[in-house]
Number of protein chains: 2
Amino acid sequence: MPAIHPITDRRAALKERHRRAIVAAAAVLLEETGGLNFTIEDLAVRADVSRRTVFNHFASLGDVLAAVFDDVMAELVDCYTAQPPPEDAAQRSASVDEAFDELAAAVRATDLVPSMSYLTRSLGDKDQSPWVDGVLLRVLEDGGLRLAAAMRERRPGVDALEIDLLVNTVLHGVLVVHRHWYEATAAADDDASRAVWSSLVDRFLARLRSGYAREHDPGDPTSA
Amino acid sequence: MPAIHPITDRRAALKERHRRAIVAAAAVLLEETGGLNFTIEDLAVRADVSRRTVFNHFASLGDVLAAVFDDVMAELVDCYTAQPPPEDAAQRSASVDEAFDELAAAVRATDLVPSMSYLTRSLGDKDQSPWVDGVLLRVLEDGGLRLAAAMRERRPGVDALEIDLLVNTVLHGVLVVHRHWYEATAAADDDASRAVWSSLVDRFLARLRSGYAREHDPGDPTSA
DNA sequence: TGCACTGAGTGCAACGGTGCACTGGGTGCA
DNA sequence: TGCACCCAGTGCACCGTTGCACTCAGTGCA
């Protein structure tokens, strides 16, 4: 994911490269160890920086985790905003069910399987430190806010409350789906496992849709 | 080529890595541009460092060139010293013709073709700045001294004058061979080009040998 | 229960890299 | 022949990283 602002010199590039390396290494170690079963030293070695540098970039391990989870959210927001905009002004107004369709498409399109394993596992882990739960919930909230903002920009005619409810429901639903997927596949990364993921996502979205009948076309609800 | 002394911390490793990148980039640019047809900025970009950093490591472009050529010499010395030592004390003494054989084997074994193109071209180029000739000749002399020292260590019984003459003759001979090779193949890097190189090296070494008859076996001189 | 150890987090100074403005020599052109 | 430009090389200040010693909380064990 490119930096929010263009890197204008080598110093800034180096800084950003190291920050990204730390976040990426944390994601890998979460995956490999099944949680927070590594040290700051492990993280530094994997990121190819010094231990001090980790703390130059992040105030704490919690901040590193927040950045990891933030990337997951950013991925989803990117997939959502990457869709072609509605074709005319009339379509941009109202129609929360079409907003639902777009969000659903983004969830389907985003490769959430590898990066969300530890997120789900972290939330579901009874032995997890409470502070990690705090980090995760904050990241979900921040990500949800960004997703809602993107949706409001895209469909300004839709009620803000409807958008917030939609986003909140889908994000937490995706976590539930992911936990089921994880238990069914043991986080395998192969075609069969991805098929299970698609099936579960479709079931979840179909289930949600039945409460979101189309306002313009009450007949013929389609389930993929 | 590993550092002479082990790198003990990340700072030293970073410094050495950047120094090596600069030298490697210079070698590539010499090859690509056929000489000194690039700027310090080009070199810095290719080495992925800043222009200032080049001068942090080297006093001048001449010093960079010296380091590039020094790598070529080091390659040859490494091939020479990598050979198994003579099996007994008697063999370690005298026998300059066997010293010749060992040096010849090193010349054959060293992949000199890619890295010496610009060295030869530089020495043969009339338009070249005189200061480059100075750099090259100094590097040849330094490399020759190291090679001679390695030879004296390996065969302490051989006269020092004989060793110095041998090393000097072979090094300058290799440059002549390389110029002929370069003119015959336009520095192509393929099997046919390497076959030409091997043939020329063999001719040069066979020619030298006829002036170095074996002391222990006066009959049956072999030419490969 | 006291002690030793581990590891997160911190302060500080040094190192290596970098940005930038500058000088001066060399070159080409009107 | 003067001027403009290019580029090697330089000084200086700043940035980011790093090494290292430290504190403190948590943990395990005799």
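The structure displayed is predicted, hence computed values, not measured ones. Residue numbers begin at 1 in each chain, while the letters A, B, ... track the order of the sequences.
Going from atom CG of B/N56 over to atom C1' of D/dG9 covers 12 Å, rounded to whole Å. A straight line from CG of B/L29 to P of D/dA8 spans 12 Å, rounded to a whole angstrom. A straight line from CZ of A/F55 to P of C/dC12 spans 17 Å, rounded to a whole angstrom. Here the P atom of nucleotide C/dG17 and the CD atom of B/E16 are 11 Å apart, to the nearest Å. Distance B/E41 CD to D/dG9 C1': 14 Å, rounded to the nearest Å. Distance A/R17 CZ to C/dG17 P: 13 Å, rounded to the nearest Å. The distance between atom CG of B/L36 and atom P of C/dG26, rounded to the nearest whole Å, is 16 Å. With rounding to whole Å, B/K15 atom NZ is found 15 Å from D/dT17 atom C1'.
Nearest-nucleotide positions on DNA chain D for B/A59 and A/R19 put B/A59 closer to the 5' end.
Taking side-chain N and O atoms only, B/H57 has a distance below 4.0 Å to OP1 or OP2 of C/dG17. Close to C/dG16, at under 4.0 Å from its OP1 or OP2, lies no side-chain N or O of B/H18.
Using a 3.5 Å distance cut-off with no hydrogens or angles, the side chains of B/D42 and B/T39 do pair a donor with an acceptor.
Relative to the six-membered ring of B/Y80, B/R154 meets both conditions, a distance below 6.0 Å and an angle of at most 45° to the axis.
A distance of 12.5 Å separates NE2 in B/H180 from OG in B/S199, rounded to the nearest 0.5 Å.
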For this session: Could you please spell out the steps behind the side-chain contact (heavy atoms from CB on, under 4.5 Å) verdict for B/V107 and B/V177?
Result: CA-CA 11 Å; B/V107 168; B/V177 165; over 6 Å; no

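Here the closest heavy-atom approach between residue A/V64 and residue A/A26 is recorded as CG1-CB, 3.5 Å.
The number of heavy atoms from other shown groups lying within 6.0 Å of CD (B/Q83) is above 12.
At least one side-chain heavy atom of B/E32 sits less than 4.5 Å from a side-chain heavy atom of B/R46.
Base engagement by B/T53 is indicated by at least one non-hydrogen atom pair under 4.0 Å involving a base atom.
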Enumerate all atom pairs, one protein N or O and one N or O from nucleotides 19-28 of chain D, separated by less than 3.5 Å.
unit_1: D/dG19; atom_1: OP1; unit_2: B/R10; atom_2: N; d: 2.5

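D/dA30 and C/dT1 make up a base pair, with Watson-Crick or G-U wobble contacts both under 3.5 Å.
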